[in-house]
Each structure stands twice: as structure tokens, then as C-alpha cells.
Amino acid sequence: MAERLRWGLIGGGEGSQIGEPHRIAARLDGLYDFVAGALDVDAERGRAFARALGVPSDRAYGDWREMLEAERARPDPVEVVTVATPNVTHYEIARAFLEAGMHVVCEKPMTMTEAEAESLVAVAEPADRRLVVNFGYSGYPMVREARARIARGDAGHVRLVVAEFAHGHHADAAEAENPRLRWRYDPAQTGVSSALADAGIHALHMVGFVTGQRIAALSAQFDSLVPGRKLEDNATVSLRYAGGTLARLWASAIAIGQMHGLNIRVFGEKAGLAWHQERPNQLLWTPVGGATTIVERGSPELSPEAAEAGRFAMGHPEGLPVAFANLYRDLHTAIRETDGARRDAAAARLPLGPQGAEMVAAVHAAAGSAAAGGTWMEMG
Ligand code: NAD
């Protein structure tokens with residue numbers, strides 16, 4: 001049995017959106033012990049919830065600074081910390097724990113500014129700490145299958161990718177009263193973008209993940225379609241990638257009828273691929289001039305990286321917590337594995353600090369482009 005890592009969680013309190021998927025993912029493979037947490041902006045609620053989840057009372061903290069100080073003083077401190085708080089707090093918390101020598105899983109967007117993103121990478125890399133950004137959809141087996149097929153050249157040169165993360169869950173102005181929604185449209189708490197930085201960023205990461213390419217340039221249009229919003233609730237972005245691929249991306253929070261709305265279609269010279277998050281176990285594959293086939297998770301034809309990313313037999317539904325768990329398992333491998341090839345393969349699949357920084361830079365470039373009427377912005 002692999003040696004377990006001591007894990008702590010910041011944010012993700014009772015009723016939060018993303019806390020529970022992290023907790024399930026971290027325990028799925030028995031690789032982490034949940035030993036400490038500062039789960040809520042309200043200290044007492046956070047302590048009570050952590051205790052209810054089985055965290056020892058003396059490590060159920062009311063505040064992340066209190067947790068940092070107390071953990072540092074222990075002979076057995078947390079080794080990995082997940083930051084699942086609102087965006088504005090990511091940088092300060094992630095930086096403090098990295099500096100204390102812990103590995104960090106940070107929610108997206110990694111930071112509010114490009115300078116903060118670069119500074120987190122600059123802290124993590126020389127210290128040999130892993131900084132993972134939770135682009136958790138890259139953990140889905142069939143997304144990994146798409147990446148493997150493209151990397152093998154089965155689809156030929158990728159000419160075009162059309163990606164979207166467009167949902168309809170913020171389509172009503174009345175929802176502005178909901179505190180879990182309000183921060184997402186407040187520039188002071190969210191930064192320069194809402195729909196793109198909140199949802200579209202996953203689709204953006206996925207384009208880079210499956211094609212293996214970095215963004216070369218982009219042009220964007222942002223609109224606030226619910227009156228009164230200071231940040232966009234609908235964004236369209238055109239992109240050029242360093243390997244010559246073009247992409248179109250749509251991010252939206254007003255697309256009523258789209259339940260989750262993360263979809264990607266890849267058009268290569270030799271084949272087309274499509275994957276839809278609401279049908280995560282299937283990859284659609286169409287060779288040029290041929291019929292579409294459905295490639296099922298769990299089927300014998302899968303690449304090794306897709307095969308090992310699944311847990312259940314073909315036909316049994318498998319979803320988001322398993323996808324997130326693949327990131328936690330890869331992180332464990334990237335930290336603990338002694339076989340260098342296996343360790344490097346896991347790290348290469350993980351969305352690490354540099355990809356998090358690239359996505360932050362892309363969001364800022366898109367906001368700048370949109371403000372300038374769609375000017376093309378080159379990216380480094
Ligand atoms: P939420 O508003 O539902 O929950 C935020 C939680 O953080 C609450 O429990 C709150 O009490 C707690 N919190 C706030 N400030 C804190 C602090 N200083 N210390 C400790 N706890 C604090 O938000 P959410 O939807 O869960 O989003 C949280 C983060 O996760 C955001 O950065 C968001 O972008 C990201 N997110 C990622 C995904 C994904 O698929 N990767 C999905 C949803 C949200």
C-alpha cells in the first residue's frame with residue numbers, strides 16, 4: 001500500500017459547491033488522510049463542519065492562518081493542502097502554504113493577476129513543491145483518451161477545435177441576492193472576468209490539454225446580458241495555437257437549457273472527435289469519410305492512460321468525483337512514486353502552475369481584447 005499523504009482543506013465548507021467533490025476525490029483511492037481543515041469564512045461553522053467530517057478537534061481550525069501556524073509547529077503537518085475558497089483569496093493562501101513547504105491543489109482561476117500567477121510558480125518550482133490547479137475535467141478517462149489519440153497522430157494535424165462551457169445557471173437577475181453567486185460578478189472578488197474565468201477557463205484548459213498546444217493569440221468579445229452586471233456573463237473567444245490549430249470558444253452563464261454545458265469538438269485532418277461532459281463515458285470518433293463510432297470508457301481499445309483513469313466496468317456510470325480523483329492520484333504519484341518514468345508521466349498529465357498561469361494570462365488577454373473591441377492579443 002502506497003504511503004498516504006496528510007491532506008488539509010481550506011474553504012469547501014458546508015453547502016459550498018466544490019468542497020464535497022474534493023473530499024470524495026481525495027479519499028477515493030485511499031491515498032490521503034483528511035487531517036486538517038479551515039473550511040468556512042465563518043470560524044465556528046468551519047470548525048463544527050470539519051469535526052462533523054471526522055477531522056480531529058484540535059485540527060478543525062477557524063481560520064487558515066491559524067491552521068498554517070499550528071500545522072507548521074507539528075511533527076506531522078499536512079503535506080498537501082487544497083484551496084477551495086473564492087478566487088480573491090487563492091494567491092495569499094496558496095503562497096503561504098507553498099512557502100511553508102506544503103504541496104498545493106488550488107482551485108481555478110489560480111490567481112486574480114498574471115503577476116500573482118507567476119509568483120506562485122516561482123515559489124513552487126525551485127522548492128520542488130507541486131502546485132496543481134483543479135482543471136478537474138482533464139481527469140475524465142475519455143478526455144485522456146482524446147489526448148492520447150491526438151498525441152499518437154490518429155487524428156492527424158488538428159485544424160480546428162470548437163469548445164464551450166456554456167450553462168444557464170446565472171440567467172436570472174434575482175439570483176444576485178444569492179451570496180454564492182454575488183461574488184462571481186463582483187470585480188473586487190472575481191477579477192477581470194466572470195463567465196470566461198469561472199466556466200470557460202475549463203474549456204480553454206481542455207483545448208490545450210487535448211492538443212498539447214499553447215495559446216499563441218486570441219481575440220474576444222464579452223457581454224453582460226443580465227442588466228446591472230459589472231462582469232461578462234457571455235464570452236466568445238477566437239484563438240490561434242502555437243502548433244497552428246485554430247479554436248473557437250464560447251463561455252456563458254445565461255444559456256438556459258444547458259445543464260452543465262462543457263463540450264469539446266476536435267477536427268483533425270484524419271478524424272473528428274467529440275466529448276460532452278454530460279455523457280462523460282463516451283468519446284465520439286469519426287474517421288475522415290467514415291461513420292461515427294462511440295468509444296466507451298472501459299472498452300479494450302483504450303490507451304493505457306485512459307484505461308487506468310477509469311474505476312468501474314464498462315456501462316457503469318462514472319463521473320466528476322472520479323475525474324477529480326485522477327488528479328489526486330496523479331498528484332500522489334508525482335510526490336511519492338520512486339519510479340521516475342511513472343512519476344514524470346503523472347506530473348505531465350497534471351494541470352500544474354505553468355498551465356494555471358497560462359490560463360490566467362489568457363483570461364486577462366481576453367478581457368483586454370474585449371475592452372479594445374476584439375483586438376487580437378499575442379501571448380508569450
Ligand atoms: P462557494 O461560494 O460555494 O463556497 C466557498 C466556500 O469557501 C464557503 O464554504 C466559504 O465559507 C468558504 N470560504 C470563503 N472564504 C474563506 C476563507 N477565507 N477561509 C476559509 N473558507 C473560506 O464557492 P465554490 O463554488 O465552492 O467555489 C470555490 C472555488 O472553487 C472558486 O475559486 C471557484 O472558481 C472554484 N470552483 C471550481 C470548480 C471546478 O470544477 N474546478 C467548480 C466550482 C467552483
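Whatever order the structure lists ligands and atoms in, that order sets their numbers, starting from 1. The shown structure was predicted, so the numbers you read here are calculated from the model rather than taken from an experiment.
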Could you tabulate the donor-acceptor pairs under 3.5 Å formed by side-chain atoms of residues 346-356, not counting sequence neighbours?
unit_1	atom_1	unit_2	atom_2	d
Arg349	NE	Asp330	OD2	3.1
Arg349	NH2	Asp330	OD1	2.9
Gln355	OE1	Leu352	N	2.8

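- Arg149 and Glu145 are joined by a salt bridge, as a carboxylate oxygen and a charged side-chain nitrogen come within less than 4.0 angstrom of each other.
- Every residue two or more places apart in sequence or in another chain was checked for a ring-ring contact (aromatic ring centres under 6.0 Å, His included) with Phe222, and none qualifies.
- In this structure, Ile10 and Ile93 approach most closely via the heavy-atom pair CD1-CG2, 3.6 Å.
- Judged as a ring pair (Phe, Tyr, Trp, His ring centres under 6.0 Å), not a single pair has a partner in residues 343-380 (not counting sequence neighbours).
- Protein residues having a heavy atom under 4.0 Å from any atom of ligand 1 are Gly11, Gly12, Gly13, Ser16, Gln17, Ile18, Ala38, Leu39, Asp40, Val41, Ala84, Thr85, Pro86, Asn87, His90, Glu107, Lys108, Asn134, Tyr137, Arg180, Trp183, Arg184, Asp198, His202, Phe324, listed by chain and number.
- Counted by atom type alone, Ser224 and Tyr185 present zero donor-acceptor pairs between their side chains at under 3.5 Å.
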